[in-house]
Asks: 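Please find one structure pasted underneath; my questions will follow.
Note on naming: letters A, B, ... go to the chains in the order of the sequence lines (proteins, then strands), and numbering restarts at 1 for each one.
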Amino acid sequence: MTSTPSDAPDNKPLDFIRAIIEEDLQSGRYERVVTRFPPEPNGFLHIGHAKSICLNFGIAREYHSVCHLRFDDTNPSKESVEYVEAITEDVRWLGFDWGEHLYYASDYFDRLYDFAVQLIRMGKAYVCHLSADQIREQRGTLTEPGRESPYRDRPVEENLRLFEQMKNGELADGTCVLRARIDMASPNILMRDPVLYRILRTTHHRTADRWCIYPMYDFTHCLSDMIEGITHSLCTLEFENNRPLYDWVLDTLDTPCHPRQIEFARLNINYTVMSKRKLLRLVNENRVDGWDDPRMLTISGLRRRGYTPASIRRFCDLIGVGRRESWIDMGVLENAVREDLNESAPRVMGVLRPLKVVITNYPEGQTEQFEALNHPQKPEMGTRTVPFSREIFIEADDFMEDPPKKFHRLGPGREVRLRYAYLVTCDKVIKNDRGEVTELHCTHDPASRGGSAPDGRKVKGTIHWVSARHAVEAEVRLYDRLFTVDHPDMDREKDFKEFLNPDSLVVLSGCKLEPSLATARPEDRFQFERQGYFCPDTRDARPGRPVFNRIVTLRDTWKKISGQT
RNA sequence: UGGGGCGUCGUCAAGCGGUAAGACACAAGACUUUGACUCUUGCAUUCGCAGGUUCGAAUCCUGCCGCCCCAGCCA
């Protein structure tokens, strides 16, 4: 086999992992590159996993190689097929393909058992009857060495017999464990005779009740990597302490290859929580609408929210990979979708908080069709037709009774352009008994048909509108960050749920959308001009009852100028 | 106070002895029938701190300081 050159763009500096891989290929340490993404099926994938997925599958792609999808399913008490299915779907949706290489650590249970027996035969593992508490107690502390187990020097034959009894279900849960025989005085606590197997009578989602002993992570992971011929085993920083053990197992056992573990910093994003444990709590305690709540940074949540796979890949590309703990600003993620959707999303008009406007000098009963660009910068995306009539809706925010000088929109006596339609001037403000503006009377300039005046007068403001008679009524859901503080799970006293943002979801009903939106399909994404990007909610939208999710807002310079929040 | 890591702009992040890339954010301006997009310009005399080596250091050496990880029969 010959080494395969990377396809990575050479205009960009290599991250430290790709640099190591290049070295390994050049030095001949490895002849090819095989990676793997090894999720435990005990929860849904989130944006942090996407970083790992893009890294592992991305490297495989660059080296014309493969990335295995392997479920690390060694703890049946927390795992289930539902998670396996969700994870599979998410990885595929992100745009990656593992070909034939779908594996389960549980597929290796027989071989793992044999490796354990081998270790026992070598005098490198023993069955320990100490209780969990006793093991902990004898493990020592960060500064004191541990004490050796009284069972440490059991004869090989006895260990073999006992381990077989464990496997055969002759011993109750917790009776004993299989431990590696390494060094109770090691400064690395993980090397102080770590547990390799425990007895666990729980039905496994794949092997059912065939096993009542299950291998631990440190024993399983390195051997699974080895069995699959993985060359570079990429994981997060907290596994750095496990690397000596990873290497010990593979060095001690007679194995044909030895994958290289490389650790990188996990992804942190502010104003959210990332751990599966915390996400699970939000789900279980009904603080969100399930794992795919559009406010959650799970892959399924982002999908339902309307994020594109390309935007998530782009995000992972932007943040890079390194070894320092870092916090990425939520804005970077938002920027990645905007970048993608700005290119691809057709533009439409939708009024979220409608204010009725009557064009008093426009003939009653008349309708005109205006041609609107689907994408002003991309004529190839075509045009559509938008109906106009005497009564329309505009955005309530686009009118101010007493506007400041810099406000370019509508106000009493002010003229504004209705996008693609006419220039209109506000003549009259109608209010209810509470003093709230309920309706506007305007006059249009018939000569400004299409939006520009023949006399060339400049109108600074252009606002969007929807014909009242033709409007599609819809529910629109506006999302904001789930938490009010940048590091919700780093407060010593308060639980992270105390920082949930009560305004993270705002449901608007009675929104008025242009008629073309009546036929929106689940995969469609639109830019509601001047508002943001939106998509139909895949769970709640029904024919005749449209529901749209706001994916992300547009950048809003006016908000900054006016000092709104 | 054991061991393993990490410290370059507000946030990410290049740099690997030759005199601080880029991105986001921010600021100013241009353009604009989306206050969007796009474009232009500005934004670290300085690389956790202190010494040292060198003609020359973010890069090498020494010593401090700060932060993260490890004492699950979780992964």
Side-chain angles (χ1 to χ4, degrees), chain A residues 12-15 19 38-40 42 72-75 77-79 128 130-133 135-137 139-146 173-179 185-192 194-200 213-214 216-218 220-221 235-244 263 265 270 276-277 318-329 331-332 334-336 338-339 342-343 347 349 372-373 375-377 406-409 417-421 423 448 450-452 459-464 527-532 553-562:
Chain A
K12 212 175 111 185
L14 293 179
D15 57 64
E40 182 189 10
N42 67 344
D72 217 340
D73 55 351
T74 57
N75 184 3
S77 62
K78 290 184 177 171
E79 300 156 3
C128 181
L130 252 24
S131 69
D133 285 344
I135 287 182
R136 188 186 325 118
E137 189 186 314
R139 187 148 31 214
T141 67
L142 296 179
T143 51
E144 307 155 28
D173 287 17
T175 306
C176 55
V177 292
L178 182 73
R179 287 229 255 170
S186 171
N188 181 345
I189 293 178
L190 280 162
M191 297 297 270
R192 320 237 264 229
V195 172
L196 265 23
Y197 268 91
R198 77 283 211 183
I199 304 172
L200 202 60
I213 57 171
Y214 291 95
M216 302 288 288
Y217 167 84
D218 287 303
T220 309
H221 206 90
C235 61
T236 44
L237 247 29
E238 65 270 27
F239 288 99
E240 203 162 6
N241 298 315
N242 301 58
R243 179 155 31 102
E263 311 85 18
N270 51 26
K276 274 196 269 187
R277 204 190 103 253
L318 283 171
I319 59 175
V321 31
R323 284 179 68 84
R324 343 174 190 163
E325 179 174 319
S326 59
W327 287 84
I328 306 294
D329 197 283
V332 180
E334 296 176 342
N335 196 63
R338 284 198 193 100
E339 215 175 275
N342 177 47
E343 290 295 311
R347 269 102 242 241
M349 293 196 283
L373 266 20
H375 191 128
Q377 279 75 44
K406 285 185 156 181
F407 187 79
H408 301 152
R409 286 111 94 155
R417 172 165 35 241
L418 296 177
R419 174 138 241 223
Y420 299 120
L423 262 27
S448 66
S452 45
V459 175
K460 191 90 171 163
T462 300
I463 65 174
H464 57 98
Q527 183 195 97
F528 287 12
E529 288 201 357
R530 308 207 305 130
Q531 310 262 20
T553 62
L554 250 33
R555 270 206 194 80
D556 191 350
T557 311
W558 169 248
K559 194 189 272 181
K560 267 183 228 158
I561 296 170
S562 65

Asks: What is the distance, rounded to the nearest whole Å, between atom CG of A:Leu190 and atom C1' of B:C74?
Replies: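 Distance, rounded to whole Å: 12 Å.
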Asks: CG of A:Leu142 versus P of B:C69: gap in Å, rounded?
Replies: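 So the two atoms are 12 Å apart, to the nearest Å.
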Asks: Could you check whether A:Phe528 gets within reach of a base, just the sugar-phosphate, or nothing at all, counting any heavy atom under 4.0 Å?
Replies: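 Counting heavy atoms under 4.0 Å across all strands, no contact is made by A:Phe528.
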Asks: Counting side-chain heavy atoms from CB outward, which of B:C37, B:C12, B:A71 is closest to A:Arg139?
Replies: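 Nearest to the side chain of A:Arg139 among the choices is B:A71.
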Asks: Would you mind telling me which of B:G4, B:C12, B:A23 lies closest to the side-chain atoms of A:Trp327?
Replies: B:C12
Asks: How is A:Asn188 classified with respect to the nucleic acid when contacts are heavy atoms under 4.0 Å: base, sugar-phosphate, or nothing?
Replies: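 Result for A:Asn188 = nothing.
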Asks: Do A:Val195 and A:Arg179 touch side chain to side chain, with heavy atoms closer than 4.5 Å?
Replies: yes
Asks: For a quick check of understanding: with a heavy-atom distance under 4.0 Å over all strands, which category does A:Arg417 fall into, base, sugar-phosphate or nothing?
Replies: base
Asks: So if I take every side-chain heavy atom of A:Gln377 and compare against B:A36, B:G35, B:C26, which nucleotide ends up nearest?
Replies: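 Shortest atom-to-atom distance from the side chain points to B:A36.
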Asks: Tell me whether the OP1 or OP2 atom of B:C37 has a side-chain N or O from A:Arg347 closer than 4.0 Å.
Replies: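 It does not, given that no N or O in the side chain of A:Arg347 lies less than 4.0 Å from OP1 or OP2 of B:C37.
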Asks: Let's see if you can work this out: which of B:A75, B:C70, B:A25 has an atom nearest to the side-chain heavy atoms of A:Glu40?
Replies: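 Nearest to the side-chain atoms of A:Glu40, counting from C-beta on, is B:A75.
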Asks: Pull up the glycosidic torsion of B:G7 and say syn or anti, syn being anything within 90° of 0.
Replies: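 Glycosidic conformation of B:G7: anti.
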Asks: Could you tell me whether A:Pro38 contacts a base, only the sugar-phosphate backbone, or nothing, with contacts defined as non-hydrogen atoms closer than 4.0 Å?
Replies: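 No contact.
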Asks: With side chains defined as the heavy atoms from C-beta onward, is the minimum distance between A:Met216 and A:Asn75 less than 4.5 Å?
Replies: no
Asks: If you check the A:Leu554 side chain, which of B:A75, B:C37, B:A36 turns out closest?
Replies: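 Closest nucleotide to the A:Leu554 side chain: B:A36.
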Asks: Between B:U38 atom C1' and A:His375 atom NE2, what is the distance in whole Å?
Replies: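 That distance rounds to 11 Å.
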Asks: Nearest to the A:Ile319 side chain among B:C24, B:U34, B:C12, which nucleotide is it?
Replies: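 The closest nucleotide is B:C12.
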Asks: Counting any heavy atom closer than 4.0 Å, what does A:Met349 reach on the DNA or RNA strands: base, sugar-phosphate only, or nothing?
Replies: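 Nothing: the residue A:Met349, judged by heavy atoms under 4.0 Å, touches no strand.
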Asks: How far, in whole Å, is B:U62 from B:U53 if one measures between their C1' atoms?
Replies: 11 Å
Asks: Separation of A:Asp556 atom CG from B:A25 atom P, in whole Å?
Replies: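 Computing the A:Asp556:CG to B:A25:P distance gives 14 Å.
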Asks: Of the nucleotides B:C24, B:C69, B:C73, which one has an atom closest to the side chain of A:Val332?
Replies: B:C24
Asks: Whole Å only: how far is the CG atom of A:Leu318 from the P atom of B:A13?
Replies: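 It is 12 Å, rounded to the nearest whole Å.
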Asks: Would you measure the distance from the P atom in B:A30 across to the matching atom in B:A20 and give it in whole Å?
Replies: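 Between the two P atoms, the distance is 33 Å.
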Asks: With respect to the phosphate group of B:G5, does any side-chain polar atom (N or O) of A:Arg324 fall under 4.0 Å of OP1 or OP2?
Replies: no
Asks: Using the side-chain heavy atoms of A:Ile135, tell me which of these nucleotides is nearest: B:C73, B:A25, B:G35.
Replies: B:C73
Asks: Which nucleotide wins on minimum distance to the side chain of A:Glu325, given the candidates B:C73, B:G3, B:C68?
Replies: B:C68
